[in-house]
Engineer: 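Below you will find the structure I want to go over with you.
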Amino acid sequence: MASADSEMVEEIAKRVLDGGRVNAAEALELYHHAPTQLLGHLADTIRARKHPERIVTYIIDRNVNYTNICVARCNFCAFYRTVGSSDGYVLGFEEIFRKIDETIAVGGNQLLLQGGHNPDLPIQWYEDLFRAVKSRYPEFKLHALSPPEVLHISRLNQIPTRTVIDRLVAAGLDSIPGGGAEILVDRVRKLLNCYTKATSDEWLDIMAQAHEAGLRTTATMMYGTVETDEERIEHMMRLRDVQDRTGGFTAFITWSYQPEHTEHGGYEATGIDYLRTLALSRIVLDNFDNMQASWVTQGGKVGQLSLAFGANDMGSVMIEENVVRAAGASYCMDEVEIVENVEDAGFTAKRRNMHYEVLGDPIYRERDVPRMLALATARADGDASVPDELKNYPARSRAAKALRLTQ
Ligand code: SF4
């Protein structure tokens, strides 16, 4: 590091340690020139300031993708199938109830429910599903539908996004996941073919509307595709601005792009880049309380190291995962392994809910819970069944109309 850079890094680092805020140019200076151990030290200092009790949390929930049929066709996505595809699916309500039963059996309290932009699911389908879940499982939480899905439902049903949020909240929506953010810079979104599913402003506006409606949400960043370092930092700055206004984000989660089986292709960012990006986000996002480790994309060992680079949360004992697995990553950790990783790093592990309220100690220490050695999938291979209740909803695509006629 040249001495001018090193002096500047030292000056910025001192301000961060004193509790000061960095601007975009300073964040870039740190990202480019601060040694990795210094970035980790700064991030860990902020983590310790916000969480002095050395508790690392995690949630037991299930990552359910209700449909893989999607008209958005983001070029970094290996999960979606086109309308009419033979391996496209929509889960039935009964299948989703079974998944909730299995989640409750291992101590879970929430579904993270996201899916493709399916043109054949009107808003009533979501409302009926949410109401049915809440009437069977009144205490169970629905962390569901990222901003691009809210926008898709709004366009499909010709109703404003705020009305979509209000109607879904009335049906049982508890919080909104921060998916679909990728990089909140429109140049990048156009290159990734995700600009039309939601522009940067649309994504941020929907989150602000959700916060106004009283919901808490998370925020994410998928890096390592075509963005520049400046754009990675611009993404963080835009989130920080919304958080200054609304205070509605509970947590930030970043992960590297997973290239396998995608149209975009390319390579995955390295582990050091992940740790530097995570640490930088902890420094820049000084108004976010919680940073999750993305062990599902980085593996358990880097996930554990994240706890020294600003993370205070291990995310989810997720039981099921389909999206990241479709792009080649297949890490799986059950509660026992997550807790071992947390404790071995010198922290106390606690279960939490989506609001980051501590629920208690590891459930497997309270009662017998089956070990989970592989993540479940949305459906068994070859299961092409069509849920019965779909015939209650009007289809828009020719393929779905034909299918529902035969039901
Ligand atoms: S990332 Fe989401 S919106 Fe984009 S193609 Fe995949 S399923 Fe569709």
Side-chain angles (χ1 to χ4, degrees), residues 63-91 96 111-121 123 125-126 143-157 161 164 176-186 188-207 217-227 235 253-266 268 294 296-297 318 320-329 377-379 396-397 399-400:
N63 209 342
V64 171
N65 302 107
Y66 54 89
T67 181
N68 64 350
I69 297 169
C70 189
V71 290
R73 307 175 80 153
C74 308
N75 63 19
F76 57 84
C77 177
F79 168 72
Y80 79 87
R81 294 293 178 270
T82 52
V83 172
S85 163
S86 61
D87 50 357
Y89 72 83
V90 176
L91 294 181
I96 293 174
L111 282 196
L112 166 52
L113 189 67
Q114 300 182 107
H117 297 192
N118 188 325
D120 298 305
L121 297 178
I123 189 168
W125 182 88
Y126 298 88
H143 183 44
L145 307 182
S146 62
E149 290 165 272
V150 171
L151 185 59
H152 166 72
I153 295 169
S154 148
R155 288 171 176 160
L156 193 66
N157 298 274
T161 49
V164 172
I176 289 187
E182 331 312 353
I183 292 284
L184 292 168
V185 175
D186 287 341
V188 176
R189 302 184 78 75
K190 285 176 185 163
L191 288 172
L192 296 180
N193 199 35
C194 64
Y195 174 76
T196 48
K197 83 171 176 184
T199 66
S200 310
D201 283 348
E202 285 168 334
W203 192 97
L204 291 159
D205 285 349
I206 289 168
M207 281 307 193
T217 76
T218 54
T220 66
M221 176 172 81
M222 181 195 72
Y223 67 89
T225 53
V226 297
E227 83 282 354
H235 176 99
I253 312 125
T254 188
W255 64 85
S256 54
Y257 159 61
Q258 306 293 309
E260 243 183 80
H261 310 303
T262 67
E263 184 188 333
H264 181 66
E268 187 183 349
S294 179
V296 75
T297 59
M318 59 178 56
E320 171 171 338
E321 205 292 321
N322 303 289
V323 176
V324 173
R325 183 209 310 256
T377 50
R379 274 190 164 174
R396 282 175 65 103
S397 74

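Remember, it's 1-based here, ligands and their atoms both numbered in the order they're listed.
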Engineer: If the plane angle is over 60° it's perpendicular, under 30° parallel, otherwise tilted; pick one for Y126 and Y66.
Structural biologist: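 Answer is perpendicular, since the angle exceeds 60°.
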Engineer: Give me the nearest non-hydrogen protein atom to atom 2 (Fe) of ligand 1 as residue plus atom name, then the distance to 0.1 Å.
Structural biologist: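 Nearest neighbour among protein heavy atoms for atom 2 (Fe) of ligand 1, to 0.1 Å: K197 NZ, 4.3 Å.
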Engineer: Hey, is E227 close enough to R189 for a salt bridge, meaning N to O under 4.0 Å?
Structural biologist: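 Answer for the salt bridge query: no.
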Engineer: Are E182 and K190 within salt-bridge range, i.e. N to O under 4.0 Å?
Structural biologist: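 Salt bridge between E182 and K190, a charged N being under 4.0 Å from a carboxylate O: no.
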Engineer: Taking 2.8 Å as the limit, list every protein N, O or S atom around atom 6 (Fe) of ligand 1, by chain and residue number.
Structural biologist: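 Protein N, O or S atoms closer than 2.8 Å to atom 6 (Fe) of ligand 1: C77 SG.
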Engineer: Do H264 and Y257 have ring centroids that are under 6.0 Å from one another?
Structural biologist: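 Yes, the ring of Y257 comes within the 6.0 Å limit of the ring of H264, centre to centre.
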Engineer: Numbering the atoms of ligand 1 from 1, which are under 4.0 Å from a heavy atom of H117?
Structural biologist: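 In order of number, 3 (S).
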Engineer: Determine whether H235 and V188 satisfy the following criterion, side chain to side chain contact (heavy atoms under 4.5 Å, CB included), listing intermediate values before the conclusion.
Structural biologist: CA-CA 11 Å; H235 176 99; V188 176; over 6 Å; no
Engineer: Using residues 111-118 as the side-chain source, report each donor-acceptor pair under 3.5 Å to any protein atom, sequence neighbours left out, with the distance given to one decimal.
Structural biologist:
residue, atom, partner, partner atom, Å
N118, OD1, D120, N, 2.8
N118, ND2, T67, OG1, 3.1

Engineer: Between V164 and I123, does the side chain to side chain contact (heavy atoms under 4.5 Å, CB included) criterion hold? Intermediate values first, please.
Structural biologist: CA-CA 8 Å; V164 172; I123 189 168; 4.3 Å; yes
